[in-house]
2 protein chains.
Amino acid sequence: MEKTDKRCAIVRATLDIVAEQGFHGAPMALVAERAGVAAGTIYRYFESKDALINEVFHYLEERFFAAVMEHYPEGAPVRERFLHIGGVLVRYCIGAPLEFRFLEQFHNSPYGVAHCREKFFNKDNRDVITELFSEALGAGIVKDLPLPALFGLAFGPLLDICRDHILHFIELDDELVSRCVEACWDAIRR
Amino acid sequence: MEKTDKRCAIVRATLDIVAEQGFHGAPMALVAERAGVAAGTIYRYFESKDALINEVFHYLEERFFAAVMEHYPEGAPVRERFLHIGGVLVRYCIGAPLEFRFLEQFHNSPYGVAHCREKFFNKDNRDVITELFSEALGAGIVKDLPLPALFGLAFGPLLDICRDHILHFIELDDELVSRCVEACWDAIRR
DNA sequence: CCTCCCGAAATGAACGTTCATTCTTTTACC
DNA sequence: GGTAAAAGAATGAACGTTCATTTCGGGAGG
C-alpha cells in the first residue's frame, strides 16, 4: 500500500474510523491510537489532516478503478460492458463496506464537491466509463440525455442499494445484484 | 412557519447556513448572527444544536410532503402517479435549492441514518409513495425487487440530477425533467 | 400622565471541552 | 555518540453551551 509500516497503519486507521464515525468522529488523537503511533508522528508522514484524508481517497480511487478494469470485456457490446462495470461496482462495494462508507462520506463533503467540480470541468479527463457512455450516445444505443444524467441513472441506484445492503435494509445476492444492474440498463437504454 | 419571529429567523438562518456550508460550517455563533439574535437566545427556543437541526428537518419534511400531495392524481394509473411524484420532486428541489441542500446534508449524516433506520423498521409507517409501490408490486406492474431497491432506482437518479442542476453541471428544463422521470420509470417497470 | 416595578426576553462575555497542530524530550539504531 | 524517528505533553483556536446582567413592555399606584 504505502512505503512504510507506520504510514500504512495511519492510512488504514483513518479509513476505518472515518468510515465508521464520519469526519467529525475521527480526531487525530483517535487515528493515532488506532494506528498504534503517537499523535505527533502522523505529521511526519502527512502535512495536515486534509492531506491525509485526500491521500486515503486517492488510494481508494486507484484500487477501485483497478477492480473495475480487471476482466473488463474490452471489445464487447456496450450493454455487456455496462453490465460488467455495474456488477463489479456493486460487488466491490459490498465486499469492502468500510471503503464504501469512506467514499460516501468523502463524496458528501466539501472535499467531494471540490473533487467533482474539478473532474467535471477538466474536460480532457477521459476514463473508461465516460468513454463507454460517449460511444453509446454516439451510436444511439442509450437515451439522448446529458452525461451527468446518464451517470445518475446508471450508478445512483447502484450506490443506493450498496448502502441499503451495508445498513441491512436489504440482502443482496448475486442474482439480485444482476437484476438491479439490468434495471439500471433499462433506465438508460433507448 | 413558527410561533414567533425570532424562532422563525433562527430556523431560517440554520437552514441557509447548513445548506451552504454544511453542519461543520454552521457554528451557533454564526447562526445567531445571521438570525439577528444573540447566541444565548437560541437556547431559549431550542434545547441544543441537535434539537434545532432536527426541527429544521421536520419542518422541511412536512413542506415537501405537502408539495407532493398537491394535485396528486389519486385514482390514476400507477405510471401516471409515479410520473407526478417524480416531476413534483425534481421541480420542488430545484426550485428550493437551499432546502434541497439541507436535506442532502441531513441525509448523509448520523442524523439521517438514524432517521432512515427508524423509518425502515417502523413497518406501520405507510406514506403515499410506499402505498404506490406496494400496489404496483402486487399488480405485477413493476419489477419484483425489494422496496428499498425500487426506491433507489426510482428516486436516486432524480436526486442526483437535482444536485447536478444546482451545481450547474447540467441545466434542467421541464422537458428534460420529464424525460429523466420517464427513464426512472423504465428502470422499475416490468 | 408620570413613575416605579416586575417578570419575561434577550444579551454577549465567559467557560469548559475538544481538536489539529507544534515542540521539546526521549528512544533506537548505526 | 550522533542522528533520524517517535513520542506525548503543550498550545492555541474554535466550538457548544451557560449565566450573570441588561433591556423591554406594560400594569399598578400615586
Side-chain angles (χ1 to χ4, degrees), chain A residues 1-59 101-102 105-106 108-112 114-115, chain B residues 1-59 102 105-106 108-115:
Chain A
M1 180 199 299
E2 301 293 341
K3 279 158 284 186
T4 77
D5 262 12
K6 289 209 196 287
R7 189 188 178 86
C8 168
I10 293 165
V11 168
R12 193 72 229 175
T14 305
L15 167 50
D16 290 356
I17 298 175
V18 169
E20 283 161 8
Q21 332 240 20
F23 291 114
H24 340 302
M28 295 297 258
L30 187 59
V31 170
E33 191 191 331
R34 186 98 132 227
V37 304
T41 304
I42 296 176
Y43 291 87
R44 296 202 62 76
Y45 296 96
F46 303 95
E47 201 182 306
S48 65
K49 189 179 186 178
D50 273 18
L52 169 58
I53 284 170
N54 276 297
E55 190 139 335
V56 175
F57 173 73
H58 284 115
Y59 161 66
R101 299 278 299 155
F102 179 95
Q105 301 275 352
F106 188 89
N108 299 290
S109 74
Y111 301 110
H115 180 261
Chain B
M1 180 199 301
E2 303 292 340
K3 279 158 285 189
T4 76
D5 261 12
K6 289 209 196 289
R7 189 185 178 85
C8 167
I10 292 166
V11 167
R12 191 74 229 175
T14 305
L15 168 50
D16 290 356
I17 298 176
V18 169
E20 284 162 9
Q21 331 240 19
F23 291 115
H24 341 301
M28 294 298 256
L30 187 58
V31 170
E33 190 191 331
R34 186 97 131 228
V37 304
T41 305
I42 297 176
Y43 291 85
R44 295 200 62 76
Y45 296 94
F46 304 94
E47 200 183 306
S48 65
K49 190 179 185 180
D50 272 18
L52 168 58
I53 284 170
N54 276 297
E55 189 137 336
V56 175
F57 172 74
H58 284 115
Y59 162 65
F102 179 95
Q105 301 275 351
F106 187 90
N108 300 289
S109 73
Y111 302 109
V113 173
H115 180 260

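Letters A, B, ... are given to chains in the order of the sequence lines, protein chains preceding strands, and every chain is numbered from 1.
Between A38(A) and A26(B), the residue anchored nearer the 5' end of DNA chain D, judged by the nucleotide with its closest heavy atom, is A38(A).
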Listing time: all N or O pairs from protein to nucleotides 20-22 of chain D that are below 3.5 Å?
none

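Near DNA chain C, meaning a heavy atom under 4.0 Å from it, residues 30-37 of chain A has no residue at all. Within residues 40-52 of chain B, the residues having any heavy atom under 4.0 Å from DNA chain C are, by residue number, G40(B), T41(B), R44(B), Y45(B).
N54(B) meets the side chain to side chain donor-acceptor pair (under 3.5 Å) test with no other residue; sequence neighbours excluded. Residues passing the ring pair (Phe, Tyr, Trp, His ring centres under 6.0 Å) test with H58(A): none are found, sequence neighbours excluded. When the side chain to side chain contact (heavy atoms under 4.5 Å, CB included) test is applied to A51(B), the partners found at least two apart in sequence or on another chain are E47(B), S48(B). A32(A) meets the side chain to side chain contact (heavy atoms under 4.5 Å, CB included) test with V37(A), A39(A), I42(A); sequence neighbours excluded.
A nucleotide of DNA chain C counts as in contact with chain B when one of its atoms lies under 4.0 Å from a heavy atom; the first and last such, 5' to 3', are dA9(C) to dG12(C).
When side chains are defined from C-beta on, I10(A) counts as touching L52(A), because their heavy atoms get closer than 4.5 Å.
For residues 17-41 of chain B, every residue pair satisfying the side chain to side chain donor-acceptor pair (under 3.5 Å) rule, not counting sequence neighbours, is listed here: H24(A)-H24(B), E20(B)-R34(B). Contacts classified as ring-ring contact (aromatic ring centres under 6.0 Å, His included) and involving residues 29-54 of chain B (residues at least two apart or in different chains) are not found.
The distance between atom CD1 of I10(A) and atom P of dA5(D), rounded to the nearest whole Å, is 13 Å.
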